[in-house]
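Report on the following structure.
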Amino acid sequence: MAPRRRSNPARFPAPRAGRRLALFAAALLAGLLLPAAAQAQIKVRKADCFFAADGRTVIDGVCEFLTDARSYGVGGFRLATYDNGYLRDGVVVSVTAPGRGTATWNREPGGKPEDGPADGVTSEGACWTGSRSRVCAWKVGEGRPGFGGAPAATPEAGAPRAADCYLEVAGDVRLDGACQFRAETGQTGARGFEIRSYSGSKLDVVAQLVRDPQNPLKATAFWNGSSGGLRAAESLGALSPSGPCWDNDGVRLCVWQPGQPRGGWDRRDGGTAPSRDRPAEARAPAPPDTPPPPSQSPSPPPAPRDTAEARDPPPGTFLKLSFKGRCESLVMDGEDLTALCASGAVNTSVVGSPKAGFIFGTTDGKAMAFLASAKGLVAGGTLRQPIDELMYAERDQSTIKVKGTCELPNPMGGPVVITCNAQSTNSTYAVRFRTDGGKPVLERSDPK
């Protein structure tokens, strides 16, 4: 990157820092990061999805379906599922020729699908199939013609509901009480189910049971292995049904309706109490003070949220989150500008799109935005956002390729430190910004 030219303050009067940040955010909203023709090609909707890779089903139900001819070719698309607004599983089919393409997917929750394993695929009706993977998408409710399997659940059928759960692993009781239950393909759980428990507002236990499609009396179970893990990726082995439970020599997984008597199914002989290093509320979320009658199922507890709004805005809504505070360090293009760092910061995003931005500025009118094209991952209450581009503005704007990360802890509980670090081929960009603890200002712009 060529050295930046110094501006002459007499010829180019510096705008106020807050105005520069506002203009930068407006540029993101106006679409200066993406040509208008390309923006028009991006469409997001819900679909009935199926994705399997290397012998394991990863997505089987309603998911986000995104088309972007500029990024994935004509007919290409991305399927994605989310946890609390952040990417969980994703797969991209990039079309390289009529009926032919490449499927790529993320190995870990929150990873960028485009950077994961790759498999050459060919189209078969609604599916794209390769030696390692199969990716399919249908309209919700139309069934799965030619697929040979039952249609996935509608959003209502697959919605989480309250339940009474028990999970014992190697003699250690990991969950014993209230939980959320979600059938993978309908309320009967004919193709498996997932259970979750929360410690306060934080995720604690996740366990998933997947039935053998050839033998419904056989299943394989997975769980997150430790409190707070986002994905049930650790195998619990093959399980067989036993009353309301599924078990093997070292594992027992049971689910009941709230208020339903457990009988003698809830504990193996010799089962121990939950580990002492885990808080009581993490081991067994307490049921409601007044248990509902067995015939009623209360509404499931709300999932934890990191935003200030309770209702989900429609896809395409532009969100701008403004912070006040103190800049502790600022490096632009390798130059330490901490002494000029402005007292404001902005986070931008678009609902239904992976694109996001973290914007910082100086008191003499410079600004830079760390830009993301893939959803981030929330771990321990902190958003970790991969960064792949940086926009720099002094007298004009320029965008360069970088590789880095921004981290944003939940800002609703007091002061937090926002950090961004990125490296281009020959320079460094970094910032450390401490918020004042006040509630950030959220602004919305309706979809165009």
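The only member of Asp119, Thr129, Val91, Val121 that meets side chain to side chain contact (heavy atoms under 4.5 Å, CB included) when paired with Val135 is Val91. Remark: of the listed residues Thr67, Val93, Val92, Val92 is the sole one forming a side chain to side chain contact (heavy atoms under 4.5 Å, CB included) with Tyr72.
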Using side chain to side chain contact (heavy atoms under 4.5 Å, CB included), reason through Val58 and Trp105 one step at a time and then give a plain yes or no. CA-CA 10 Å; Val58 181; Trp105 58 91; over 6 Å; no
List the steps and the verdict of side chain to side chain contact (heavy atoms under 4.5 Å, CB included) for Arg78 and Glu64. CA-CA 8 Å; Arg78 185 193 71 189; Glu64 178 189 84; 2.6 Å; yes
Step by step, work out the side chain to side chain contact (heavy atoms under 4.5 Å, CB included) result for Leu253 and Ile195. CA-CA 10 Å; Leu253 172 60; Ile195 62 171; 3.4 Å; yes
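A pairwise comparison of heavy atoms in Gly229 and Val206 identifies O-CG2, 3.9 Å as the closest pair. Across Cys341 and Thr363, no two heavy atoms sit closer than the pair O-CG2, 4.3 Å. Shortest non-hydrogen contact noted between Asp164 and Gly177 is OD1-O, 3.4 Å. Nearest approach of Val402 to Ser424, heavy atoms of both residues: CG1-CB, 3.9 Å. Glu443 approaches Ser322 most closely through the heavy-atom pair OE2-OG, 4.1 Å. Between Glu108 and Asn106, the shortest heavy-atom contact is O-ND2, 3.2 Å.
In Glu328, the CD atom is crowded: over 12 heavy atoms of neighbouring residues, nucleotides or ligands sit closer than 6.0 Å. The local environment of CZ in Arg107 is sparse, with at most 12 non-hydrogen atoms from other residues, nucleotides or ligands closer than 6.0 Å.
A search for salt bridge (Lys or Arg N to Asp or Glu O under 4.0 Å) contacts involving Arg132 returns Asp54, not counting sequence neighbours. For Phe65, the ring-ring contact (aromatic ring centres under 6.0 Å, His included) criterion is met by Phe77, not counting sequence neighbours.
Under the 4.5 Å side-chain criterion, counting only non-hydrogen atoms from C-beta, Val431 is in contact with Cys327. The closest side-chain heavy-atom distance from Thr405 to Gln385 is not below 4.5 Å. The shortest distance between side-chain heavy atoms of Asn410 and Val416 does not fall below 4.5 Å. Residues Tyr166 and Val173 form a side-chain contact, since some pair of their non-hydrogen atoms from C-beta on lies under 4.5 Å apart. Between Lys355 and Leu371 there is no side-chain heavy-atom pair separated by less than 4.5 Å. Looking only at side-chain heavy atoms (C-beta outward), Val95 and Val74 stay at 4.5 Å or farther from each other. In this structure, Trp223 and Leu175 have side chains that are not in contact, with every pair of non-hydrogen atoms separated by 4.5 Å or more. The shortest distance between side-chain heavy atoms of Trp138 and Cys127 falls below 4.5 Å.
Between the side chain of Thr81 and the backbone N or O of Asp89 there is at least one donor-acceptor pair closer than 3.5 Å. Panel note: side chain Thr220, backbone Val210; no donor-acceptor pair is recorded below 3.5 Å. Between the side chain of Asn347 and the main chain of Leu321, no donor-acceptor pair closer than 3.5 Å is present. Counting only distance, with no hydrogens or angles, the side chain of Thr104 and the backbone of Pro113 share a donor-acceptor pair below 3.5 Å. Checking side-chain atoms of Thr338 against main-chain N and O of Leu330 turns up a donor-acceptor pair under 3.5 Å.
As summarised for Cys136 and Cys49, their two SG atoms remain at a distance no smaller than 2.5 angstrom, missing the threshold.
To the nearest 0.5 Å, the span separating SG on Cys63 from CG on Asp48 amounts to 8.5 Å. Note: Leu408 CG to Thr382 OG1 = 8.0 Å, rounded to the nearest 0.5 Å. The distance from the CD1 atom of Ile359 to the CE atom of Met368 is 11.5 Å, given to the nearest 0.5 Å. One distance of note links CG of Leu209 with CZ of Phe222; it measures 9.5 Å at 0.5 Å rounding. Taking CG of Asp176 as the reference point, atom SG of Cys165 lies at 10.0 Å (rounded to 0.5 Å). Considering CG of Asp333 and NZ of Lys366, their distance stands at 11.0 Å, rounded to 0.5 Å.
Using cut-offs of 30° and 60° on the angle between ring planes, the pair Phe370 and Phe360 is perpendicular.
Lys401 has a carboxylate O that lies under 4.0 Å from a charged side-chain N of Glu389, or vice versa, which qualifies the two as a salt bridge. A salt bridge is defined here as a Lys NZ or Arg NE, NH1 or NH2 lying under 4.0 Å from an Asp or Glu carboxylate O, and Glu194 with Arg88 meets this definition.
Contacts classified as salt bridge (Lys or Arg N to Asp or Glu O under 4.0 Å) and involving residues 379-388 (residues at least two apart or in different chains) are given here: Lys112-Asp388, Arg384-Glu407.
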